[in-house]
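Since the model is a prediction, treat every value here as computed from it, not as a measurement. Computed from heavy atoms alone, side chains included, the values below leave out hydrogens, waters and symmetry copies. Start at 1 and go down the list; that is how both ligands and their atoms are numbered.
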Amino acid sequence: MPPRFYLTTAIDYTNGAPHLGHAYEKVLADVIARSRRLKGEEVFFLTGVDQHGQKVQQSAEKEGVRPEAFVAAVTAKFVALWKKLGVEYDGWAATTEPRHKQCVQQLLQRLFDEGKLYKAKQGGHYSVRQEQFLTDKERGDDGEFGPEWGEVEYREEENYYFRLAEHRDWLLALIDAQEDLVLPAFRRGELRNAVEKLGGDLCVSRPKSRLSWGIEFPFDPEFVTYVWFDALLNYISFAPGGYDPAARSAEFHRWWPATIVIGKDILIPAHGIYWLIMLHALGFSDHEMPRLLVHGWWNISGAKMSKSLGNVVDPDQLADTYGAETLRYYLMSDISTGKDADFSEQRLVERFNSELANSLGNLLNRSLSMSHRYRDGMLRKGETEGPLRGQASAAVTAYQEQLDGYQVHAALNAVLEFATACNTYVEMTAPWKLAKDPERAATLDHVLYELTESLRIIAILISPVLPNAALAIFAQLNWQGEMSFAAAEWGMLPDGHQLGKPVPVFPRIESATAG
Ligand code: MSP
């Protein structure tokens, strides 16, 4: 049985249209899913949308539509974008679905029955924007609540609370014991510091009088569930096999624990504290805790993308202008997983032109053209060993190592360096000279074989990021072989193989913004 890999991402808030940050996370997860499949693993990739909460209710009110209609329209935009960008998921987590609602209600009931939820009255400062009560910890150095909290008002309210603080020591011990709980490693330290300061419990209900757009409490219909408590549970409610706390389904446990891809802003407190403690309270053991892969942010000239600053980058438009795979390539090559990056349309064009059009595209085009010109597209596999075999194998190893550490940009670099080495090999061997010397016919055959076999391996390696380009290269090689790491072994193209005709896969982008 192949190993199983359950990969999920944050579910996108359906308060507005998808932006570049959403697209980055989903493409990153899609690339990870595809590369795990190349390894021969069985993958379940879940993503979806977070549809409840106060902001959605407010946006719907503003537009004068019911929240159901509002989220349906926004959800459709996300679904269409993932289709356009080739993000292929196996499960879709939409939190208004009955399957999810049932699971959330069942778990609330269980936590309540076990005394892990309690009702209490709280008065205090409330941030309307963040939908939470604030404590003195949230005050800035000047003693005021900062602008990030928006409008802050005094409120008194009865609510249900989840016993969070009593798990503090358990969580600290878990963070210390499990090195790969949070990746990259520096985030683990940040999380530990935050957990040390953990004091209060978590308010998990909202009175219906001010928020109706949520999942109703099964034992108290006056309340709906706090949106984070609802949303986090998607990772189990939509898991393969479904999560049934009573049955502990075998299928669920064959896939769980998940690897969850999230942005740095939702590690603390949502995933790193609330979610891990929720699972612990539900009876998940330490080795059943998920792994959190935390990526950085795409900024615009160093500043956060935001609707109010008017600097939100629309991935849908970029894909229409430059092509979906061009955008995928840029998003995967111009950022290092875990760190932030600055979006630049000019770099998008430059990277494509220099790395894909000039380097890889040119290699493909010249190799196939020469094979046709000198050998009518017929490959000869001789006995001789050339330098590219060793370099191909080094590239495959480096590529896999980098992907295992989720460093997609570095994995792509390994492929590009190999493509550059292949281009250098063309210059050094000068097939156009070999073709003029009948005594060197065998050498020419050998050079053409090396180049074509290298291209086959390169196609496999780029396939998680550029699935269509990889298929196009296979088609031009007239090769129907396997797209897998196992098939990235040297020498699969047989003697006498007839190649297809070259067609540009990466035509240069001629654009006003290109430098
Ligand atoms: N709905 C919550 C997540 C619930 S998970 C149970 C949420 N939604 S979000 O739409 O605001 O963000 C979705 C994901 O996109 C998050 O992982 C977030 O970090 C990521 N990004 C949002 N803006 C981003 C950038 N500018 N750059 C990269 N990723 C960013 O949070």
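Residues forming a side-chain contact (heavy atoms from CB on, under 4.5 Å) with Asp286 (at least two apart in sequence, or on another chain): Trp170, Leu174, Gln178. Residues satisfying the side-chain contact (heavy atoms from CB on, under 4.5 Å) test with Lys197, not counting sequence neighbours, are none.
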Which atom pairs, donor and acceptor, lie under 3.5 Å between side-chain atoms of residues 159-166 and protein residues at least two apart or in another chain?
residue, atom, partner, partner atom, Å
Asn159, OD1, Ser205, OG, 2.6
Asn159, ND2, Glu157, OE1, 2.7
Tyr160, OH, Asp220, OD2, 2.7
Tyr161, OH, Gln122, OE1, 2.9
Arg163, NE, Gly115, O, 2.9

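Under 3.5 Å, the side chains of Gln106 and Gln102 contain no donor-acceptor pair of N or O atoms. Thr47 and Thr9 form a side-chain donor-acceptor contact under 3.5 Å, judged by distance and modelled atom types alone. Looking only at atom types and distance, the side chain of Ser249 has no donor-acceptor partner in the side chain of Asp244 under 3.5 Å away.
Sorted by chain and number, the heavy-atom contacts of ligand 1 below 4.0 Å come from Ala10, Ile11, Asp12, Tyr13, His19, Gly21, His22, Glu25, Asp50, Trp228, Ala231, Leu232, Asn234, Tyr235, Ile262, Gly263, Asp265, Ile266, His271, His295, Gly296, Trp297, Trp298, Met305.
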